Peer 1: 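Next up is a structure, given as structure tokens.
No experiment lies behind these values; they were computed from the predicted model shown. All heavy atoms count here, side chains included; hydrogens, waters and symmetry mates do not.
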Amino acid sequence: MYRFMTCLGVVLLSGMLASCGGGGGGGGDSPSPSTTNTATPPNNGGTPPPSNGGTPPAASKPGRFEETDTSVTLSPGDWTPTDAKFGWSGGAAVRSKVQGATVSFTFTGKWVTWIGARSEDGGIAEVSVDGGPARRVDLFIRPQEMRTPVVTLHDLSPGQHTLTIRVTGERNAAAAATSDAVVVVDAFDVEAPIVSHLQDRDPAAVYRGTWAISTQTTYNPPTDPTPATDPIDHSANWSGGAVESAPEGPHGGASFTTTPGDSVELTFRGTSITWQGGHGPDGGIAAVQVDAGPVTLVDMYGPTQRFQEIMFSKTGLADASHTLTITLTDQKNPASMGTKIFVDAFDVTTPGRRFQEDDVDPSTGLPATTYTGKWTRNINRVWSEGAVQRADAAGSIAKFTFTGTGVSYIGCQKNSIGPVRITLDGVDQGQFDNFLPAPKEAYNHPIFHIDGLKPGPHTLEVQSLSNTSFIVVDAFDVRGGP
């Protein structure tokens, strides 16, 4: 049992703000309706380097900019506060369902990410840079993901740019007729690293104690879970919560425990790590440690239950393997009614560039990934920027062309995902089995990773090997690129 009554160098935290993340909702893994979403980003202008020795473009200013920053302009009277029960970046966000409502963000940098929300209530927005062609962005998905990267626009020229978001008032064909077709603006990231949003039961997370679930038995979550019957809260308010694959019950949500000494250990490769959970009236105190670093105490008490909050964040790590350990202590806030802690998700950042499943090759303007066989678009889970391509037939191939010295295939592992065969520049890299017993589920997960490639163009192929299970292509991460 852990006791931290007199631990030196420990900081007591009631919550921290930063990073990007997660969800809830309904629906299964069946193919979802396609929506209009042009894959090609606008040909963005900006200020090119002078050819006559004049003043060069302003230097990039990377970082996060909240929706309240002076660089952000909201159309007057069109935007209202979002639901305060969620852990928004900076503590708040704005939403609108007013057709024609706009947000503009002026920044200096070569790529930018809109941080917002996706859900079954999400509408369709148009995004443009410097008055260029608009890109339609559909915010409808089955889970509800808050403080999440909505879309990243790359390949901007050096200098200052203005990103504009416009509410169209339109909705996905699969959305309910009562849907508000909402657009949420939480923040903007300029020249941010890659963010992978891992769920609480990712295979890299090892639970010890009463919240560990045996993989030797069939997992059938009850309707009203308790620590004794099911250590996962399947509420739609959590990242990936209340989404299920018939005939099984929901597997997503947030893991929780009330037993001091219970712990979870996440092994990851990246330059920062964020633990997402939520404060509540029965919140306990957790001891958090990265590698062999100092222990930080995190107080999860709050007067009301909140969801998808950042509880702990550690930046400035080397791009190498690390371990995050979270342990419930026997301490609690005097105002708390219990000792419960939640683990909802983890955000891991890595250097490089992420190509979504529908992104284009900046050198050619053509799709970076081409698909042959049987593929459909899927929006039913916590995918990178909202969607994946799903293959349901053996022999279906996704071919990704890139320039760089390293690449990762980002996919999914769970009890309905089949094996893939991967080739790189025509050389077989082997077969990769993606089956995981419930409740383990890996999203935004690197299935294949390789470094040390010769600088220059390469081609990675992912081939489905099964007709009875499916595979997905979520994204590809490239390192050492131009």
Peer 1: Testing D319, V348, T350, T349 for side chain to side chain contact (heavy atoms under 4.5 Å, CB included) with P193, which one passes?
Peer 2: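 For P193, the side chain to side chain contact (heavy atoms under 4.5 Å, CB included) check succeeds only for T349.
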Peer 1: Does any donor atom in the side chain of S416 or S469 lie under 3.5 Å from an acceptor atom in the other side chain?
Peer 2: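 No.
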Peer 1: For F342, is the NZ or CZ atom of R306 found under 6.0 angstrom from the centre of its six-membered ring and inside 45 degrees of the ring axis?
Peer 2: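 Output no; distance or angle outside limits.
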Peer 1: Any side-chain to backbone donor/acceptor pair from T82 onto A93? Under 3.5 Å, distance only.
Peer 2: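 Such a contact is found between T82 side chain and A93 backbone.
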Peer 1: For a side chain to side chain contact (heavy atoms under 4.5 Å, CB included) with L139, tell me which candidate from I124, V182, V150 qualifies.
Peer 2: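 Output: one option passes, namely V150.
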Peer 1: Will you find, in the side chains of T152 and R354, an N or O donor that is under 3.5 Å from an N or O acceptor?
Peer 2: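 No - no donor-acceptor pair under 3.5 Å links their side chains.
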Peer 1: Within the 4.5 Å heavy-atom criterion, are S96 and V94 side-chain neighbours or not?
Peer 2: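 With C-beta onward as the side chain, the pair stays apart.
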Peer 1: Working note: T339 + D330, criterion side chain to side chain contact (heavy atoms under 4.5 Å, CB included); need CA distance, chi angles, decisive distance, verdict.
Peer 2: CA-CA 8 Å; T339 59; D330 58 356; over 6 Å; no
Peer 1: Do R353 and D155 meet the salt-bridge criterion of a basic N to acidic O distance under 4.0 Å?
Peer 2: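 The answer is yes: the pair qualifies as a salt bridge.
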Peer 1: Would you call K61 and D69 a salt bridge, taking side-chain N to carboxylate O under 4.0 Å as the test?
Peer 2: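 The answer is no: the pair does not qualify as a salt bridge.
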Peer 1: Just checking, is any N or O donor in the side chain of E120 or S179 under 3.5 Å from an acceptor N or O on the other one?
Peer 2: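 Per modelled atom types, E120 and S179 side chains form no pair under 3.5 Å.
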Peer 1: Are K340 and D282 ion-paired here, with the side-chain N under 4.0 Å from a carboxylate O?
Peer 2: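 Here K340 pairs with D282 in a salt bridge, since their nearest N and O are under 4.0 Å apart.
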Peer 1: Can you check whether F107 and F188 have ring centres sitting under 6.0 Å from each other?
Peer 2: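 Ring-ring flag for F107/F188: false, centres at least 6.0 Å apart.
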Peer 1: Identify the residue among F400, Y409, F432, F476 that makes a ring pair (Phe, Tyr, Trp, His ring centres under 6.0 Å) with F448.
Peer 2: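 Filter result, single survivor: F432.
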Peer 1: Do F256 and W211 have ring centres separated by under 6.0 Å?
Peer 2: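 Not under 6.0 Å, so no.
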Peer 1: If we ignore angles and hydrogens, is there a donor and acceptor under 3.5 Å between the side chains of E357 and T369?
Peer 2: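 No, no side-chain donor-acceptor contact under 3.5 Å.
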Peer 1: Is R118 paired with E145 through a side-chain N to carboxylate O contact shorter than 4.0 Å?
Peer 2: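 Salt bridge flag = no for R118 with E145.
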Peer 1: Answer with yes or no whether the side chains of S239 and Q199 bring together a donor and an acceptor at under 3.5 Å.
Peer 2: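 On atom types as modelled, these side chains qualify, holding a pair under 3.5 Å.
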Peer 1: Does the side chain of W114 come within less than 4.5 Å of V103's, by heavy atoms?
Peer 2: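 The answer is no, as the side chains (C-beta and beyond) never meet within the 4.5 Å cut-off.
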Peer 1: Verify side chain to side chain contact (heavy atoms under 4.5 Å, CB included) between I115 and R64, making sure each step is shown before the conclusion.
Peer 2: CA-CA 9 Å; I115 306 300; R64 170 154 296 187; 3.6 Å; yes
Peer 1: Quick one about T210 and D262 (side-chain donor to acceptor, distance below 3.5 Å, no hydrogens or angles considered), yes or no?
Peer 2: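 Result is yes, a qualifying pair exists.
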Peer 1: Distance only, no hydrogens: is a donor on one side chain within 3.5 Å (strictly under) of an acceptor on the other, for T327 and R208?
Peer 2: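 Note: T327 and R208 side chains miss the donor-acceptor criterion.
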